[in-house]
Engineer: 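Quick one: this structure, given as structure tokens, is what I'll be asking you about.
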Amino acid sequence: MKNIKGLAMILASTSLTGIALAHDRQFDPVDLEAAVPEAQQILDEMEDDEKTILTWGLAMFPNMNSLFDESGKIEEPPEGAQWGAGFIRGIDRFSVPPLAETDGPLGVAYVRGIRGDYATAFPASVLLGATFNPQLAYESGQAMGAETRALGFGVLLAGGANLTRDPRNGRTFEYIAEDPLLTGLMVGGQVAGIQSQNVISTVKHFALNGQETGRNFVDVIIDDASARESDLLAFQIALEEGQPGAVMCAYNLVNGAKACGNDYLLNQVLKQDWQYPGFVMSDWGAVNSVDFAWSGLDQQSGAQIDPDVFLDETLFEAAAGNEARLARIDDMNRRVLTSIIATGLMDNPVARTMEIDYEANGLLSLEQARQGIVLLKNTNGALPLSANAQHIAVIGGHADFGVLSGGGSSQVHGEGGPALVIRHDPTGFGEAVSEQYHRSSPLEAIRSRVPETFVNYRDGRFITDAVMQAEKADVAIVFATQWMSEGFDQPDLSLPSGQDALIAAVAAANPNTIVVLETGGPVDMPWLDDVAAVLQAWYPGDHGGKAIAEILFGDVNPSGHLPLTFPKTVEQLPRPHIPGSDFIEPGFLARYEGSLSIDYGIEGSDIGYRWFARNEEEALFPFGFGMSYTDFSMANFSVFETGEGHYGAEFDIANSGERAGADVAQVYLVSVNGETKRRLVGFDRAELEVGESKSVTINFDPRILAEWTGENWEIAAGIYTFALSTDAETDVETATVSLPAQILTQTGEPTN
Ligand code: GLC
């Protein structure tokens with residue numbers, strides 16, 4: 001553990017007035033619970049044949065229209081349906097609107113352009129996580145929600161809330177972080193923003209969907225406490241913060257039962273313990289029995305993809321004479337109606353207006369990229385670049401075309417479609433899974449920023465060519481890409497296609513070499529010591545090229561912080577490989593039913609930086625790490641009781657450097673009764689002018705101090721030490737308090 005300066009010993013003082021909110025949010029989500037009575041009124045009037053309309057829907061993927069006849073039950077897309085992800089018919093007699101569904105969470109997903117429209121392509125969710133800014137998540141959620149409605153959809157399949165247990169997961173780019181608090185708060189903000197536009201948002205994929213390999217069959221083995229303290233806590237916080245109208249259950253099994261037919265996940269945890277009043281929709285192709293309804297599933301999505309339509313009138317056949325099942329069918333309808341009413345869809349049916357403020361939404365996409373790009377290394381004043389540089393060599397990463405985006409259902413198309421499409425088809429998904437570059441060329445952005453400078457480009461296919469260019473230039477900027485996609489996982493964390501050798505050769509030719517990474521998560525950096533600077537740009541969205549150039553030249557001060565641990569080597573991870581990664585078929589195609597499982601009990605709830613702390617490992621770059629062009633200092637850290645049974649921290653943060661900037665202060669629980677812990681209990685993104693300082697107060701979510709005992713969250717009596725930190729491995733100050741034993745409610749309120 002790095003240096004610890006100063007040790008403030010404060011025993012719990014008398015409680016201050018007022019109970020602080022566990023999470024200080026600046027926005028209000030919809031209120032699902034308040035819509036239940038109106039839903040009940042409609043339900044009371046419904047006939048049986050009307051109760052199997054909202055309980056199942058169609059897949060509306062353009063390459064699946066053949067399914068409309070093969071399935072035999074579904075002749076053709078119904079009136080009003082448009083290509084996207086799904087469609088659920090409405091109930092005319094009660095003016096219940098149909099639900100047209102499109103994919104998220106990076107904006108309104110494309111369907112190979114056949115709708116003739118386009119959307120704002122926001123940066124990858126992992127970049128959003130790197131902003132540590134829930135308010136920004138809310139604002140970009142608002143823009144996504146508005147575009148969803150304008151393009152004719154009432155449901156955005158957003159809110160990716162799975163924790164990154166393994167950074168080789170092909171959907172790492174689509175998720176926020178490895179930490180439950182950061183994930184929950186960011187997803188909650190996104191969902192609340194989307195739903196503020198009278199659109200239902202999901203949170204997905206519930207739960208423990210941590211890999212793409214064998215995703216339909218992998219059986220996740222995990223104990224209740226480990227699940228509740230990690231993956232489930234992320235969803236729980238997202239549900240509290242965002243009140244999503246729908247939860248999308250996942251493909252995988254959890255302890256032997258499919259997630260979409262899992263009584264533990266859907267009935268015990270989500271609906272009983274958490275009292276969730278919305279509805280559970282399945283993922284597409286995740287249902288294989290009508291019995292899933294009795295285990296908590298409310299709506300079968302994309303029914304043509306399943307072996308059959310199970311949640312249609314089959315429900316009543318299976319419920320004949322069974323009062324509990326008949327009541328369950330009512331509950332399914334009440335839940336879907338509740339979400340339609342609570343989000344305002346009932347009173348504001350969707351119309352495809354195509355009225356979108358692309359300029360304003362594009363600026364939001366740009367701001368997100370500006371705040372989520374992370375400066376990982378900067379030596380010898382390499383960055384920001386001088387505008388007086390005479391000759392810049394830009395190399396690789398298709399920087400002449402644009403910036404990389406992730407593949408699969410979340411793929412968004414900006415105006416004019418992708419600048420570049422490189423086909424890989426390991427999954428059979430077809431062109432939905434291809435390496436696509438958004439039309440935001442870093443090369444063009446650099447050239448327009450320094451029009452007097454000679455900026456030449458080489459694509460990097462030939463190392464000798466790149467080296468010759470680098471030797472002649474004042475500075476060499478190498479763009480490196482790691483394409484990720486839904487449908488398959490990464491075999492390791494290497495930069496593919498010989499990019500490591502390219503970077504090493506360029507750095508050997510020019511010590512003033514800067515690497516810009518466009519990756520979906522952490523990557524190995526064997527050349528790290530030989531380059532002057534590294535910028536982690538993730539998949540930076542449809543204005544990402546501009547954001548990269550602004551940061552390279554210092555027009556924007558980088559402020560992103562890592563939402564994921566960057567390991568030195570994959571050997572530091574809980575498992576050397578993702579199970580099934582040696583299967584013959586790649587990705588989700590792996591048809592090894594019943595013979596693929598993964599034991600998340602190895603790490604339990606100690607994911608990412610918690611795993612590194614438990615094993616006393618040092619990361620290449622730790623969770624929470626991020627550099628700036630200015631300097632910050634933090635002091636006067638104290639922890640105290642903010643209200644009956646609630647705790648928080650206070651500290652001062654100052655900009656002690658020479659330019660304005662933003663920093664992300666983090667507070668971690670670091671030990672309990674002398675036992676090492678490492679849990680993020682709060683964070684604050686502070687924007688500060690030169691010389692400015694401010695006092696920050698952070699309210700802790702008590703559940704993060706607690707252990708799940710099988711029945712309750714319990715805080716053990718004892719001595720708790722907290723750290724004010726700049727990242728998960730660098731503590732600035734600590735403070736210790738004595739806490740009494742507490743039993744908490746599901747939402748973290750003290751009961752004793
Ligand atoms: C996909 C994904 C899910 C998406 C759905 C509809 O397979 O798992 O995230 O929303 O199907 O495209």
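Both counts, for ligands and for their atoms, begin at 1 and track the order of listing.
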Engineer: Please could you name the atoms of ligand 1 that Asp103 approaches to less than 4.0 Å, counting only its heavy atoms?
Structural biologist: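 Every atom of ligand 1 under 4.0 Å from some heavy atom of Asp103: 4 (C), 6 (C), 10 (O), 12 (O).
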Engineer: Could you tell me whether ligand 1 has any atom less than 4.0 Å away from a heavy atom of His205?
Structural biologist: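 Right, His205 reaches ligand 1.
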Engineer: At less than 4.0 angstrom from any non-hydrogen atom of Leu157, what atoms of ligand 1 do you find?
Structural biologist: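 Once the distances to Leu157 are compared, the set is 10 (O).
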Engineer: Check whether any side-chain heavy atom of His424 sits under 4.5 Å from a side-chain heavy atom of Val433, and report yes or no.
Structural biologist: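 No, every pair of side-chain atoms sits at 4.5 Å or beyond.
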Engineer: Drop me the distance from Gln490's CD to Ser581's OG, to the nearest 0.5 angstrom.
Structural biologist: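 Reported value, rounded in 0.5 Å steps: 11.5 Å.
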Engineer: Quick check on Met281 - does any of its heavy atoms sit under 4.0 Å from an atom of ligand 1?
Structural biologist: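 No heavy atom of Met281 comes that close to ligand 1.
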Engineer: Begin with the C-alpha distance, continue with both residues' side-chain angles, and end with the deciding distance and a verdict on ring pair (Phe, Tyr, Trp, His ring centres under 6.0 Å) for Phe310 and Phe292.
Structural biologist: CA-CA 9 Å; Phe310 297 105; Phe292 282 25; 7.7 Å; no
Engineer: Hey, what's the ring geometry for Phe235 with Phe206, parallel, tilted or perpendicular (30° and 60° as the breaks)?
Structural biologist: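 Judged by the thresholds at 30° and 60°, the geometry between Phe235 and Phe206 is perpendicular.
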Engineer: Would you check whether Glu174 reaches within less than 4.0 Å of ligand 1, judged by its heavy atoms?
Structural biologist: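 Distance cut 4.0 Å: Glu174 fails for ligand 1.
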Engineer: Within the 4.0 Å heavy-atom shell around Lys204, which atoms of ligand 1 are there?
Structural biologist: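 Result: 3 (C), 4 (C), 9 (O), 10 (O).
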Engineer: Taking atom types as modelled and ignoring hydrogens, do the side chains of Asp263 and Gln268 form a donor-acceptor contact shorter than 3.5 angstrom?
Structural biologist: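 A donor-acceptor contact under 3.5 Å links the two side chains.
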Engineer: Is the contact between Glu212 and ligand 1 made by the side chain, the backbone, both, or neither, using heavy atoms and a 4.0 Å cut-off?
Structural biologist: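 Neither; no heavy atom under 4.0 Å.
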Engineer: Looking at side-chain heavy atoms only, is the closest gap between Tyr264 and Leu270 below 4.5 Å?
Structural biologist: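 The answer is no; the side chains never approach within 4.5 Å.
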Engineer: Nearest heavy atom to atom 7 (O) of ligand 1 wins, so pick from Tyr251, Trp284, Phe61.
Structural biologist: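 Going through Tyr251, Trp284, Phe61 one by one, Tyr251 has the nearest heavy atom to atom 7 (O) of ligand 1.
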Engineer: Considering only heavy atoms, does Arg215 approach ligand 1 within less than 4.0 Å through its side chain, its backbone, both, or neither?
Structural biologist: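 Contact part for Arg215 vs ligand 1: side chain (C-beta onward).
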Engineer: Hey, would you say the Phe488 and Trp483 ring centroids sit under 6.0 Å apart?
Structural biologist: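 When the ring centroids of Phe488 and Trp483 are compared, they turn out to be within the sub-6.0 Å range.
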Engineer: Can you name the atoms of ligand 1, numbered from 1 with element, that are less than 4.0 Å from a heavy atom of Met248?
Structural biologist: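 By the 4.0 Å cutoff, the relevant atoms are 10 (O).
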